[in-house]
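In what follows, every chain begins at residue 1, and chains take the letters A, B, ... in the order their sequences are listed.
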Amino acid sequence: MAKPTLLLIDGNSLAFRAFYALINQVDRFVNHEGLHTNALVGFNNLLDGIIEPFNPDLALVAWDAGKTTFRTGKFDNYKGNRDNTPQELVEQFEPLRQMVSLHGIKSYELSGYEADDIIGTMARIGEADGYSVTIVTGDRDLTQLVSDDITVWVTKKGISEIDHYTPAMIAELYDGLEPKQIVDIKGLQGDTSDNYPGIAGIGPKTALKLIKKYHSISEMYEQIDDMKASKQKEKLINGKQDALLSRDLAEILTDAPVTISLSDLEYKGPDYENIIPFYQHLDFKAQLVKLANQGYTVPTSGHNEDAEFDLNNTELAVSEITPASLTHVSQLQGTVSFYLELDDENYHTANPVGFVIGNQENGYFASRDMELLTQNSPVKKILEDQTILKNVFNAKELYVSLKRLDVALKGVNFDLLLVSYLLDTNDNNNDLGALAHDNDYYAVMTDEEVYGKGAKFAIPEADADLFEHLGRKAMAINLLREPLLELLSKHEQTKLYEEIELPLTKILADMESTGITVDSEQLLQMRSKLTERLSELEQKIYQQAGHEFNVQSPKQLGVVLFEEMKYTPIKKTKTGYSTSVEVLEKMGDVSIVASILAYRQVAKIQSTYVEGLLRVIHGSDSKVHTRYLQTLTQTGRLSSVDPNLQNIPVRIEEGRQIRKAFVPSQADWQILSADYSQIELRVLAHITGDKNLQAAFINGEDIHAATARRIFGIKDDEPVEGNIRRQAKAVNFGIVYGISDFGLSKNIGVSRKEAKAIIETYFDQYPDVKKWSDDIIASAREKGYVETIAHRRRYLPDIKAKRFNARSFAERTAMNSPIQGSAADIIKIAMIKVQEAIAKAGLQAHMLLQVHDELIFEAPESEMADLEELVRNVMDSAVTLDVPLLVSSHVGASWYDAK
DNA sequence: GGCCCACCG
DNA sequence: AGTTCGGTGGGCC
């Protein structure tokens with residue numbers, strides 16, 4: 001029969017490990033009362049992930065009882081070099097013990113002894129009583145206890161990985177030594193973290209060699225006279241006291257006067273009833289979700305008034321649609337929730353795998369049969385009925401997917417994904433379950449929990465399982481609607497939602513479905529030319545380097561440049577030499593560097609753009625259909641994926657050629673591009689109220705020249721030289737980003753001192769810009785968030801962080817987000833108005849793309865003049881600011897030509 | 001899956 | 001001690 005098991009846990013060392021594993025995020029793990037929880041989180045994961053599955057018969061967590069122990073009596077400086085335990089950790093010790101207790105594990109400490117000694121003692125007692133003992137610790141010192149019946153698990157990499165120490169492993173690590181000899185090694189080499197010395201001048205290698213030869217420190221000194229004279233012998237003789245003391249300190253007691261016995265240590269398992277309020281107190285939402293999914297009820301959370309609704313309403317009435325129940329479905333009215341599941345995130349190509357429709361009053365109806373959405377089905381009728389309001393999750397995905405099934409979705413009224421994102425841009429997770437959990441609703445699982453991820457992704461075969469999940473999603477959408485809409489209203493975001501984001505969703509869906517035509521012939525021609533250039537450059541580089549290597553590997557390139565060719569490294573990355581453009585350009589006129597820069601440029605065009613685009617052209621219509629992510633960025637911008645059409649090359653001619661492949665979808669049509677000029681600087685002028693900055697725009701001045709005159713004191717009748725204007729331009733942009741003197745000096749190539757003076761002059765000349773910057777940071781600190789002109793909100797928890805870096809970052813973000821985000825608001829409003837105007841004018845034109853401050857259209861040549869005027873008028877009047885908005889536009893046969 | 005690098009506004 | 005905002009994608013290791 002297998003032996004009974006005893007688990008001994010080193011509470012202090014694991015708490016330290018857990019704390020420091022998440023030290024970078026210490027300010028993020030704080031509960032609603034301000035208690036830090038990073039160590040609690042890590043410790044809890046350990047208990048859940050390791051201890052619970054292990055399910056021992058007996059378990060104990062041992063804790064240090066205080067700073068003074070019998071070891072400090074022997075050696076004043078024992079652990080004397082340790083900094084005081086941070087307050088953020090100290091405050092977690094008491095809840096840690098509660099947590100241990102709620103997991104059904106006994107805690108124990110003993111005055112005058114360390115946790116190690118309790119563990120050593122209990123381990124030997126357990127071993128003698130016939131237990132298989134496992135010790136879990138963050139401290140490798142405990143490996144001295146390893147025996148046939150005692151295994152030591154030591155966490156590493158924070159606490160995410162664990163090494164299992166057995167006698168065989170010790171033998172391997174210490175060249176055949178036994179576990180108990182580790183203390184002799186430590187006696188000789190010392191321990192810097194515990195601050196005992198060992199023998200000066202004896203390191204790990206010598207220590208190992210000596211103990212291998214003499215077995216122990218005491219045997220070594222017995223034979224020391226026979227040792228031949230050497231410096232080492234002298235060190236050993238002089239250090240005898242230190243060695244004996246250090247050995248003593250390193251040795252873990254196995255006979256501490258503990259007052260507990262094995263019979264006190266029964267492992268009871270978690271106390272579910274009481275651990276839930278405990279987790280709630282700590283704001284451990286993920287843990288609550290786990291418990292809820294295991295069937296443990298989570299009562300309504302008390303502290304978060306904003307999100308208080310009935311989590312216990314988990315009764316779900318979901319049934320498969322049958323010919324008979326179709327009558328019920330057809331009678332649905334008022335408001336319904338609809339959810340369509342796809343087998344892939346790219347909804348332009350994914351297959352629908354099931355859907356659900358219904359509400360709380362009439363129940364939910366699910367099916368895998370997509371035929372039920374087509375022809376004259378009642379479901380299609382409901383979806384196309386403007387008067388029946390739909391609650392959905394990700395309306396844009398639904399518009400596009402349903403359009404592919406020939407269903408024209410109407411009456412979308414609530415989009416859970418969109419609303420959650422507007423409430424908190426961090427809630428941009430595309431998973432409905434996860435997002436519901438963020439809003440304290442736990443009666444639905446995440447897709448990963450139900451479907452798995454990666455290679456394991458699979459839609460459940462059993463109808464009951466799939467329909468339950470779909471039904472719960474639909475129910476979550478319905479139940480979250482009211483509380484979240486109420487929050488929107490509290491945040492003054494109802495207009496943002498109803499008049500900007502929700503209408504925009506439909507427009508983006510149409511743009512995506514329309515797609516833009518890509519001339520693959522053009523790309524194929526480019527590809528063969530670029531292939532040739534790449535192989536020429538490659539050969540040249542090999543010649544310059546003297547051998548072949550992977551030019552695309554920064555690591556190999558670093559070796560070639562900075563080791564073999566002995567150029568001086570200018571900058572390092574975390575993993576080695578930096579070989580970025582910035583570095584390579586600083587290396588000056590070196591032929592291999594020029595070749596590499598050229599190679600990189602061409603390789604980028606080839607792989608990302610030529611080949612990347614060719615891969616995503618749809619065979620059916622020769623177009624690419626990007627997806628705009630409307631709920632991702634922290635500022636309110638869109639992003640574009642599969643393919644990304646917001647970063648098509650433009651600055652360098654060779655890359656710009658790519659734009660020749662973007663052409664109108666029909667003969668005799670053209671491309672129109674219209675973009676806002678300096679929209680962010682205009683927004684800056686508006687929201688800061690700075691009269692000097694506003695005057696420049698109102699008077700139609702060249703803003704960079706105007707800034708140049710101000711910061712470099714150039715008189716009105718003197719010209720602004722190109723290089724000076726370029727510097728001023730960098731300053732104008734830098735201000736928007738919260739640049740430092742360091743950053744500006746690097747950017748425009750002046751000294752740091754000069755850069756500092758320039759920034760100061762800028763703020764003198766535009767005093768209200770300075771005032772606004774200070775004010776917005778103060779406001780962010782007070783409210784915890786910043787806002788755009790349309791009340792788009794970004795929370796900045798780090799604005800109060802103690803860490804300089806995190807705080808500075810938050811301060812720059814506090815300035816930049818209202819500017820970048822307001823610009824995003826403006827172009828979104830413009831898109832809605834342009835679409836309306838095009839419809840009203842009865843034009844055939846399509847809006848195709850948005851690139852942050854630019855809109856791209858296609859239209860018949862015959863209506864292009866009208867379209868251009870319409871677009872310009874709508875864009876420059878989209879909103880009224882204290883400065884004018886300026887739009888420039890161009891027409892051409894391709895995107896390249898519309899410049 | 002993280003890192004480096006390069007492209008966009 | 002680090003130093004300019006917001007993104008996506010390819011390739012390496």
Side-chain angles (χ1 to χ4, degrees), chain A residues 425 428 453-454 549-558 571-584 596-597 599-613 615-616 626-629 632-652 654-656 658-659 675-681 684 730-748 752 755-756 759 786 794 796 803-821 823-824 827 849-855:
Chain A
T425 49
N428 60 6
K453 68 169 175 179
F549 67 101
N550 187 346
V551 184
Q552 306 225 63
S553 162
K555 198 175 159 188
Q556 293 180 35
L557 178 60
K571 207 176 121 190
K572 276 191 149 185
T573 68
K574 281 178 196 164
T575 49
Y577 308 109
S578 171
T579 64
S580 64
V581 180
E582 198 198 330
V583 169
L584 298 188
I596 288 159
L597 286 170
Y599 182 94
R600 285 232 181 110
Q601 230 172 53
V602 178
K604 175 71 177 178
I605 297 166
Q606 180 77 311
S607 64
T608 305
Y609 297 107
V610 176
E611 290 172 347
L613 278 171
R615 262 199 300 277
V616 292
T626 187
R627 280 178 295 135
Y628 287 106
L629 306 186
L632 182 134
T633 68
Q634 294 296 309
T635 55
R637 276 190 174 180
L638 302 175
S639 78
S640 159
V641 295
D642 299 334
N644 180 356
L645 297 181
Q646 293 182 320
N647 72 344
I648 303 300
V650 65
R651 292 171 194 170
I652 295 165
E654 198 169 6
R656 191 173 193 148
I658 294 284
R659 294 181 173 225
D675 66 285
Y676 283 113
S677 300
Q678 298 122 10
I679 189 166
E680 290 194 351
L681 289 174
L684 180 72
V731 174
N732 274 334
F733 284 117
I735 292 295
V736 174
Y737 301 143
I739 202 172
S740 65
D741 52 7
F742 176 87
L744 184 65
S745 77
K746 216 167 61 167
N747 197 337
I748 63 177
R752 200 166 156 177
K756 191 165 181 225
I759 292 172
V786 291
R794 180 174 186 178
L796 297 168
R803 294 163 291 136
F804 175 85
N805 255 344
R807 192 176 62 250
S808 304
F809 192 70
E811 288 172 355
R812 293 195 294 271
T813 315
M815 284 178 55
N816 178 259
S817 291
I819 300 167
Q820 188 183 117
I827 196 163
L849 305 175
Q850 188 250 45
V851 192
H852 308 309
D853 64 358
E854 175 186 13
L855 296 174

Exercise for review: Test for a donor-acceptor pair under 3.5 Å between the base of B/dC7 and the side chain of A/Asn647, counting only N and O atoms.
Suggested key: yes

Check your understanding: Got a donor-acceptor pair under 3.5 Å from the side chain of A/Asn747 to the base of C/dT4?
Key -> yes

Counting any heavy atom closer than 4.0 Å, what does [X] reach on the DNA or RNA strands: base, sugar-phosphate only, or nothing?
X        : value
A/Phe809 : sugar-phosphate
A/Leu638 : nothing
A/Arg615 : sugar-phosphate
A/Val650 : sugar-phosphate
A/Ile819 : nothing
A/Thr579 : sugar-phosphate
A/Glu611 : nothing
A/Asn550 : sugar-phosphate
A/Gln556 : sugar-phosphate
A/Arg812 : sugar-phosphate

Side chain of [X] only, heavy atoms from C-beta on: which candidate in [options] is closest?
X        : options              : answer
A/Tyr737 : B/dC5, C/dT4, B/dC7  : C/dT4
A/Ser553 : C/dG7, C/dC13, C/dG2 : C/dC13
A/Pro649 : B/dC8, C/dT3, B/dC5  : B/dC8
A/Ser639 : C/dT3, C/dG6, C/dG7  : C/dG7
A/Gln552 : C/dC5, C/dT3, C/dG11 : C/dG11

Report yes if at least one side-chain N or O of [X] is closer than 4.0 Å to OP1 or OP2 of [N]; otherwise report no.
X        : N     : result
A/Arg651 : B/dC8 : yes
A/Thr635 : C/dG6 : no
A/Arg656 : B/dC7 : no
A/Arg637 : C/dG7 : no
A/Arg803 : C/dA1 : no
A/Ser740 : C/dG2 : no

Point to revise | Distance between P atoms of C/dT3 and B/dC3 (Å, rounded) | key: 15 Å

**Study point:** Nearest-Å distance once atom P is located in both C/dG2 and B/dC4
**Key:** 14 Å

Does [X] use its side chain to pair, donor to acceptor, with the backbone of [Y] at less than 3.5 Å?
X        : Y        : answer
A/Thr626 : A/Val641 : yes
A/Gln606 : A/Glu611 : no
A/Glu680 : A/Ile819 : no

Check your understanding: So A/Arg637 and A/Gln646, side-chain contact (heavy atoms from CB on, under 4.5 Å) or not? Walk me through it.
Key -> CA-CA 11 Å; A/Arg637 276 190 174 180; A/Gln646 293 182 320; over 6 Å; no

